[in-house]
Amino acid sequence: MAPGHLSVREMREDERPLVLEMLKAGVKDTENRVALHALTRPPALLLLAAASSGLRFVLASFALALLLPVFLAVAAMKLGLRARWGSLPPPGGLGGPWVAVRSSGDVCGVLALAPGSSAGDGARVTRLSVSRWHRRRGVGRRLLAFAESRARAWAGGMGEPRARLVVPVAVAAWGVAGMLEGCGYQAEGSWGCMGYTLVREFSKDL
């Protein structure tokens, strides 16, 4: 599918269920890899081992004492990721959410933006997801180009000293990170747990 066969417009209310399913599917594609990355770090392994040792005194099953902390940790991490990225944010100062639509009318991607937390921070991508059936066909790049144009227009309208776009990416989403680097973005920050990165932030001055 050529990028020229795509258009980006604001999401219609009747498209909300489809867009929500797309966001949830996008989270599911990365949550297991993020959980594996997080729970195989040495501090996490130490905490899980300590929890298992404690549970052995109250549970009759060694296997249950071993697996229960892992199950609870994975479940908590997945719920956190789904709450953060698997839902639609309220409309912000930059409008949206927006959807990428094929010439056939099929919705194949979703984008949401929000202003940065302080002056000069530029705009932030809060949601960016592409249907798994339409990946590697230019949809992500088309949405990113649209996000950049919106960020420029918003910065100009607000009298911001510069136009800037920040895109957070889960540590396991290597394809998204590669696309951003290919579009001139640079990794500039990160956040995570116990000193280990779970999400990297890529930014670009526009």
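We use all heavy atoms of the structure for the numbers below, so side chains are in, but hydrogens, waters and symmetry mates are not.
The residues Arg200 and Glu188 are annotated as not salt-bridged, no charged nitrogen and carboxylate oxygen being separated by less than 4.0 angstrom. Remark: Arg16 does not engage Glu21 in a salt bridge, criterion side-chain N to carboxylate O under 4.0 Å.
Across all non-hydrogen atoms, the minimal contact from Leu165 to Ala147 is CD2-CB, 3.9 Å. Looking at every heavy atom in both residues, Val139 comes nearest to Ala100 through CG1-CB, 3.9 Å. Of all non-hydrogen atoms in Ala123 and Trp154, the two that sit nearest each other are N-CZ3, 4.3 Å. The heavy-atom pair separating His134 from Arg137 by the smallest distance is O-CB, 3.6 Å. In terms of heavy atoms, Cys108 sits closest to Val101 at SG-N, 4.5 Å. In this structure, Ala112 and Pro97 approach most closely via the heavy-atom pair CB-CB, 4.4 Å.
The structure places CG of Leu113 at 4.5 Å from CH2 of Trp98, a figure rounded to the nearest 0.5 Å. Lys204 NZ to Gln186 CD: the interatomic distance, rounded to the nearest 0.5 Å, is 10.5 Å. The CZ atom of Arg135 lies 6.0 Å from the OG atom of Ser129; values are rounded to the nearest 0.5 Å. Atoms CZ and OG, on Arg142 and Ser7 in that order, are 7.5 Å from each other to the nearest 0.5 Å. Between the CG atom of Leu206 and the CZ atom of Arg150 there is a distance of 13.5 Å, given to the nearest 0.5 Å. Rounding to the nearest 0.5 angstrom, the gap separating the CZ atom in Arg12 from the CG atom in Leu18 is 10.5 Å.
At a threshold of 4.5 Å between non-hydrogen side-chain atoms, the residues Val169 and Phe202 count as touching. Side-chain contact between Cys183 and Arg141: present, with at least one pair of heavy atoms (C-beta onward) separated by less than 4.5 Å. Residues Glu201 and Arg124 have side chains in contact (heavy-atom distance under 4.5 Å, counting atoms from C-beta outward).
Put simply, Phe146 and Val166 are part of two different groups of oily side chains (I, L, V, M, F, W, Y) that touch within less than 4.5 Å, one to the next. Both Met179 and Tyr185 are part of a single hydrophobic cluster, where members link through side-chain heavy atoms under 4.5 Å apart.
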>> Let's go through Leu111 and Val8 carefully: what are the C-alpha distance in whole Å and the side-chain angles of both, what is the deciding distance for side-chain contact (heavy atoms from CB on, under 4.5 Å) to 0.1 Å, and is it a yes or a no?
In response: CA-CA 9 Å; Leu111 167 74; Val8 180; 5.5 Å; no
> Checking side-chain contact (heavy atoms from CB on, under 4.5 Å) for the pair Leu143/Leu128: CA distance, chi angles, key distance, verdict?
Replying inline: CA-CA 8 Å; Leu143 286 170; Leu128 178 60; 3.7 Å; yes
> Hey, mind stepping through Arg9 and Val99 against side-chain contact (heavy atoms from CB on, under 4.5 Å) and telling me if it holds?
Replying inline: CA-CA 6 Å; Arg9 57 165 171 77; Val99 290; 3.6 Å; yes
Please list every donor-acceptor pair under 3.5 Å in which a side-chain atom of residues 43-69 meets a protein atom from a residue at least two apart or in another chain.
{"residue": "Ser52", "atom": "OG", "partner": "Leu48", "partner atom": "O", "Å": "3.0"}
{"residue": "Ser52", "atom": "OG", "partner": "Ala65", "partner atom": "O", "Å": "3.1"}
{"residue": "Ser53", "atom": "OG", "partner": "Ala49", "partner atom": "O", "Å": "3.0"}
{"residue": "Ser61", "atom": "OG", "partner": "Ala63", "partner atom": "N", "Å": "3.4"}
{"residue": "Ser61", "atom": "OG", "partner": "Leu64", "partner atom": "N", "Å": "3.1"}

